[in-house]
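Since the structure comes first, as structure tokens, the remarks are kept for the end.
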Amino acid sequence: MHLDLTGRTALVTGSTQGIGLAIAVDLARAGARIAVNGRTAERVDAAVARVRDESGGEVGVAADVTTDDGTATLAAELPGVDVLVNNLGVFGAQEALTITDDDWRRYFEVNVLTAARLIRTYLPGMRDRGWGRIQNIASDSAVVIPAEMIHYGVSKTALLALSRGFAKEAAGSGVTVNSVIAGPTHTAGVEDFVYQLVDPALPWDEAQREFMRAHRPQSLIQRLIEPEEIAHMVTYLASPLASATTGAAVRVDGGYVDSILP
């Protein structure tokens, strides 16, 4: 299967590390010109250098897209894109009864409204050109609401609905809108977290499998997902080969969500 995005410009928010950076690199390998986004110029420049190893076309935009001003800065530097990946998000554990109204607002504004704002910014141009791909990076927590961070789970549930709604707005235009449900993923800081819960003398492969068995037993692969595995799905959905997939919530969760439906 040849995934060719030559000539396409892809914006990945929150792409200076972790899943976002892996997505940017994978899209670059498929030939896309990559727009790396983060809040600070230093981190954006470092990520651009990493992407440059895979592709000759890249641009970095330091802008806080959780704000109107930051989105305006981004749109001024990057007025049109062919692929929009809303990867930026916040998460954190917090007891349910201690989540304040301000906490709820922050999670909704960052995880939901930021995606909505960027879709409003870029969908009209995609529709006018008759081609585009929008993907919102969701989480298994959207379906399996975690007791330790229900505000995060609820925001990701809203993101699934956002994707479905905007897919209807883009109907018949050649633009697809989908969610990618990411399962427990091996990102920065996760190794330290794992070793807080299992024997620190275990080699990493054994440690993560023990962690999954004891603390994430729903997983069918019984290991953490690598960011590149999520990136591969994003690249496929961004390609011309996925033209009939829209309004969907596509799972890359290692079987974590106990459902026979996608």
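Remember, predicted model here, so these are calculated numbers, not experimental data. We're numbering straight along the sequence, starting at 1.
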**Study point:** Short N-O contact, Arg251 and Asp140, less than 4.0 angstrom
**Key:** no

Practice item. With side chain to side chain contact (heavy atoms under 4.5 Å, CB included) as the test, would you mind laying out the steps for Leu78 and Asn37 before giving the verdict? Key: CA-CA 11 Å; Leu78 194 70; Asn37 166 249; over 6 Å; no

Check your understanding: Can you name the closest pair of heavy atoms from Ala158 and Phe108 and give their distance?
Key -> CB-CE1, 4.4 Å

**Study point:** Val143 backbone acceptor or donor facing Lys156 side chain under 3.5 Å
**Key:** no

Revision key, fill the gap. Residues Pro146 and Gly153: closest non-hydrogen pair is CD-CA, 4.2 Å

Check your understanding: Any chain of hydrophobic side-chain contacts (each under 4.5 Å) joining Val252 to Val12?
Key -> yes

Study note, to complete from the structure: Given the options Ile134, Val177, Asp82, Met126 meets side-chain contact (heavy atoms from CB on, under 4.5 Å) only with Ile134

Check your understanding: Does a salt bridge link Arg105 with Asp102, judged by any charged N lying under 4.0 Å from a carboxylate O?
Key -> yes

Practice item. Please name the pair of heavy atoms, one in Leu27 and one in Ala238, separated by the smallest distance, quoted to 0.1 Å. Key: CD2-CB, 4.0 Å

Review point. Below 4.5 Å, heavy atoms only, C-beta onward: do Ser139 and Tyr152 meet side chain to side chain?
Key: yes

Practice item. Could you state whether Leu21 and Ile225 fall into the same hydrophobic cluster, counting links through intermediate Ile, Leu, Val, Met, Phe, Trp or Tyr residues with side-chain heavy atoms under 4.5 angstrom apart? Key: yes

Exercise for review: Could you pull out the closest heavy-atom pair between Gln222 and Pro217, with the gap in Å?
Suggested key: NE2-O, 3.6 Å

Review point. Atom OG1 in Thr246, atom NZ in Lys168: separation rounded to 0.5 Å?
Key: 11.5 Å

Check your understanding: For Leu88, does its backbone N or O pair with a side-chain atom of Thr13 as donor and acceptor, under 3.5 Å?
Key -> yes

Review point. Side-chain heavy atoms under 4.5 angstrom apart, residues restricted to Ile, Leu, Val, Met, Phe, Trp, Tyr: same cluster for Leu162 and Val81?
Key: yes

Point to revise | Gap separating the CG atom of Asn136 from the CD1 atom of Ile181, nearest 0.5 angstrom | key: 11.5 Å

Point to revise | Trace of the side chain to side chain contact (heavy atoms under 4.5 Å, CB included) decision for Leu237 with Arg133 | key: CA-CA 8 Å; Leu237 290 173; Arg133 299 287 187 266; over 6 Å; no

Check your understanding: So, are Glu210 and Arg213 salt-bridged, with charged N and O less than 4.0 Å apart?
Key -> yes

Check your understanding: Which of these passes side-chain hydrogen bond (donor to acceptor under 3.5 Å, both in side chains) with His186: Arg223, Glu229, Glu228, Glu191?
Key -> Glu191

**Study point:** Value rounded to 0.5 Å, distance of CG in Asp253 from CG in Asp258
**Key:** 10.0 Å

Review point. Does Tyr195 OH have over 12 foreign heavy atoms under 6.0 Å away?
Key: yes

Review point. Would Trp104 and Ile150 count as a side chain to side chain contact (heavy atoms under 4.5 Å, CB included) if you check the C-alpha gap in whole Å, the side-chain angles of each, and the deciding distance to 0.1 Å?
Key: CA-CA 10 Å; Trp104 279 104; Ile150 64 172; 4.1 Å; yes

Check your understanding: Are side-chain heavy atoms of Thr16 and Val44 found at a separation under 4.5 Å?
Key -> yes

Check your understanding: Is any side-chain heavy atom of Pro227 closer than 4.5 Å to a side-chain heavy atom of Thr185?
Key -> yes

Check your understanding: About how many Å separate CG of Asp4 and OG1 of Thr235, when rounded to the nearest 0.5 Å?
Key -> 12.0 Å

**Study point:** CA sep, side-chain torsions, deciding dist, call: Thr114, Asn86, side chain to side chain contact (heavy atoms under 4.5 Å, CB included)
**Key:** CA-CA 8 Å; Thr114 296; Asn86 286 312; 5.6 Å; no

**Study point:** Atom of Asp199, atom of Ala201 and distance for their closest heavy-atom approach
**Key:** OD1-N, 2.9 Å

Review point. Any link between Val198 and Leu224 through a network of hydrophobic side chains (Ile, Leu, Val, Met, Phe, Trp, Tyr) touching at under 4.5 Å?
Key: yes

Review point. How many angstroms lie between CG in Leu197 and CG in Asp192, if you round to the nearest 0.5 Å?
Key: 11.5 Å

Point to revise | Side-chain (Thr67) to main-chain (Asp64) donor-acceptor, under 3.5 angstrom | key: yes

Point to revise | Distance in Å, Ile34 CD1 paired with Arg50 CZ, rounded so as to fall on 0.5 Å steps | key: 12.0 Å

**Study point:** Side chain to side chain, Asn111 and Leu159, heavy atoms closer than 4.5 Å
**Key:** no

Point to revise | Single-linkage hydrophobic cluster Ile119~Val61, side-chain heavy atoms < 4.5 angstrom | key: yes

Check your understanding: Do Leu160 and Arg164 have side chains that get closer than 4.5 Å, going by heavy atoms?
Key -> no

Exercise for review: State, yes or no, whether a side-chain contact exists between Val83 and Tyr122 at a heavy-atom distance under 4.5 Å.
Suggested key: no

Check your understanding: Are any of the side-chain heavy atoms of Asp26 and Ile23 separated by less than 4.5 Å?
Key -> no

Review point. Which atom pair, heavy atoms only, marks the closest approach of Ser179 to Ser163?
Key: OG-OG, 2.6 Å

Practice item. Compute whether any side-chain donor of one residue and acceptor of the other, for Asp103 and Thr100, lie under 3.5 angstrom apart. Key: yes

Check your understanding: Less than 4.5 Å apart, any side-chain heavy atom of Arg106 and any of His151?
Key -> no

